[in-house]
Each structure stands twice: as C-alpha cells, then as structure tokens.
Amino acid sequence: MLRPSRAATARVSASSATQQARAIQFRPCIDIHKGKVKQIVGSTLVDLPAADAGGASTSGGGEAALRTNFVSDKPSSWYAELYARDGLTGGHVIMLGGDDASRAAARGALGAWPGGLQLGGGVTADNASEWLDAGASHVIVTSYVFREGRLEEGRLADMVSRVGRSRLVLDLSCRKRDGQYYVVTDRWQRFSSLALSEATLARLAASADEFLVHGVDVEGMQLGIDDELVELLGRWSPIPVTYAGGARTLEDLERVRASGRGRVDITVGSALDIFGGGLPYSEVVAWHRRQAAAAAAAAGAS
C-alpha cells in the first residue's frame, strides 16, 4: 500500500492551499490519430497497431472495433491557435499512435501554442525531453510507469529525475471494479493493481505537478459525467487534477464544479461543436471565464 512520506505530506499541504485558491478551468484537448485530429471512444482502441512504451509495435489485428465520433478537416495547429487566442492553458495533446504523421501533427500543435499545451501518448524517460523542447509545458505519462499492471516506482523516479516534477502529469485514468476505481493502462484494457485512494494520490503527488483522469466507463460516449469519481478527486487530490469523460452540456460542467468542490478541472471533447457535437465551444469558453471572474471576486472580498 502506498503511504505518503513526510516530505510528500508537506508538499501536499502546500499544494492543497494553492488548490483552494484557484478557479475551476476548462482544459481543451487535441486527440491525434494517424495525423488527423479525431474524437475516438478511447476504450475501443484495443485493436489499434501502435508503439508500446518500449517502442515495439503492437497489434490486435486491425481496427474493426475502433469507434470514431469525429474526424476533422482542420490541422492540429488550427485547434492550438484557437486555444491560444482564447487564453486556454493546460490543455492536452494526445497521440493515439506513434506513427510519423501523428508525431508531426503533435509537433504542429505544440509549435502553434508553445507552453500552452501538454503532450501525452507514448512518452518515456528517453523521449520526454524531446517533447518539452518541442513546446509542451508538461509531458503526460501512464503506461510507461506501469508494467504488467503494477506501478514501477523506479521508472517514475527516473522520469522525475529527467524532466522534473513540475513538468510531469500522471495519467491515472480509471475504471470501476468491485466498488473501487483502479488505474487502467495499455489502451485502458488492463486493470492495474493501483486503486485510487487518498493515500495513493498523496503519495503520487510528490512526483507530479498534476493528474489527468479519464472516467473510462463514460469517456467519448456523451453519457454524462461520473459524479462519484469527480467527487472523490475533489476530496482526495492535493494537486491540480483534470477530469475527462462524458461531459455534454453546461449543466455537466456545473456538476463537475459542484461534485469536485471547485477543485477539479474539466475537459470536453466529442460534445463540442468544434468536434462535431452540439455544445458550442464559445459557450464553454464563456463558462470558463465566469469561473475565473468569480474566483477573482471571491479572492478580492476575502
């Protein structure tokens, strides 16, 4: 069982104070598959050929099971420039495959909004600095620090030593089993042995600047958010955490704000009109700005 060290506890306390003062944010996304910006139901990626954490090619025999919600006719840089124009920071670029076209598209997005976006997908200790040099504010890792369903603390420590805690985001995307949320890896098909808990998040917070958590059971399906998961993240996470999965309306964003105690940021993907959905991107940006204004007003009154 992971238990927070004294140093981690001290850092967690400082981070918690910062968390209380910040406004909930909309964190945009750019998901890239074969060089195109797409919206895919992530749990259907099992049959995609891709490079694994060690660089080896893996294939489940085709893409018959892949469920794609949207394929954009615009380059990744168009989305990055849009987010830059609207001052949206901390969004994530995710490569759903390590092919050359996807890598080029990721570089295009990072170059269009340098320092404004995080990069995930096939990140290892050996290539992390390459993506930071390309303009990513942070790198996002998950499968690299897990092996056969177990957290490899040595790999995590190596990643921290190479890029620094302040530029590392841990992807703790999870699914529910037997009443608990477990981190899932390997295209969200493998349950790890790591269950989310207050102690787990406190320990991992000593090695990361932020957490990214997809509610895999609802991700990409526009079924509404996983309220229970958001509530646990708001209660337990001592550092900034972004939730993704199921958001489809402004009411869902308000549910994240309420369930997460104003401490959990939100990503919206397939539901946005810029990704073929019915929720106007402009309305989400306006909601984001209202949260910032409310937090600033509250801070000024205190």
Side-chain angles (χ1 to χ4, degrees), residues 27-80 83 91-110 112 117-124 127-128 130-131 134 136 138-146 169-175 183-190 212-222 242-246 267-272 274-277:
R27 302 285 195 106
C29 63
I30 303 173
D31 293 346
I32 298 170
H33 173 236
K34 294 190 172 179
K36 296 284 189 179
V37 175
K38 300 183 182 181
Q39 285 291 306
I40 291 173
V41 178
S43 58
T44 67
L45 284 165
V46 60
D47 290 330
L48 274 169
D52 64 17
S57 177
T58 60
S59 174
E63 299 183 10
L66 182 65
R67 179 177 163 188
T68 302
N69 290 333
F70 174 78
V71 180
S72 180
D73 60 0
K74 297 179 174 61
S76 60
S77 57
W78 183 89
Y79 291 92
Y83 304 154
H92 50 268
V93 178
I94 303 294
M95 293 187 297
L96 304 172
D99 54 282
D100 290 343
S102 293
R103 290 171 62 85
R107 286 181 174 276
L110 297 176
L117 295 163
Q118 304 166 356
L119 184 284
V123 174
T124 70
N127 66 22
E130 168 191 338
W131 292 110
H138 298 68
V139 288
I140 305 168
V141 296
T142 177
S143 295
Y144 177 76
V145 298
F146 285 85
V169 176
L170 286 180
D171 183 341
L172 302 179
S173 296
C174 57
R175 307 181 81 163
V183 175
V184 288
T185 66
D186 304 326
R187 301 191 179 281
W188 297 343
Q189 303 304 310
R190 182 195 289 269
L212 171 64
V213 181
H214 291 80
V216 175
D217 292 323
V218 297
E219 189 277 335
M221 302 179 189
Q222 299 186 50
T242 298
Y243 167 84
T267 289
V268 187
S270 297
L272 291 177
I274 59 173
F275 296 125

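Looking at Lys38 and Leu96, their side chains never come closer than 4.5 Å, going by heavy atoms from C-beta outward. Looking only at side-chain heavy atoms (C-beta outward), Tyr79 and Ser72 come within less than 4.5 Å of each other. Under the 4.5 Å side-chain criterion, counting only non-hydrogen atoms from C-beta, Ile40 is not in contact with Asp31. Here the side chains of Leu119 and Met95 are in contact, with some heavy-atom distance below 4.5 Å.
Among the candidates Ile32, Ile140, Asp171, Ile30, the single residue satisfying the side chain to side chain contact (heavy atoms under 4.5 Å, CB included) test with Ile94 is Ile140.
Within the 3.5 Å criterion, the main-chain N or O of Arg27 finds a donor-acceptor partner in the side chain of Thr267. A donor-acceptor pair under 3.5 Å is formed between the side chain of Asn127 and the backbone N or O of Gly122. Side-chain atoms of Ser77 do not come within 3.5 Å of backbone N or O of Ala112 as any donor-acceptor pair. Side chain of Ser143 to backbone of Asp186: a donor-acceptor contact under 3.5 angstrom is found. Under a 3.5 Å cut-off, the side chain of Arg175 and the backbone N or O of Trp188 do form a donor-acceptor pair. Judged by distance alone, the side chain of Ser102 and the main-chain N or O of Gly35 form a donor-acceptor pair under 3.5 Å.
Nearest heavy atoms, Ala80 versus Ala109: CB-O, 3.3 Å. Minimum interatomic distance between Ile274 and Trp78 (heavy atoms only, all atoms of both residues): CG2-CH2, 4.5 Å. Closest of all the heavy-atom pairs between Val169 and His138 is CG2-CB, 3.7 Å. Looking at every heavy atom in both residues, Cys29 comes nearest to Gly269 through SG-CA, 4.1 Å.
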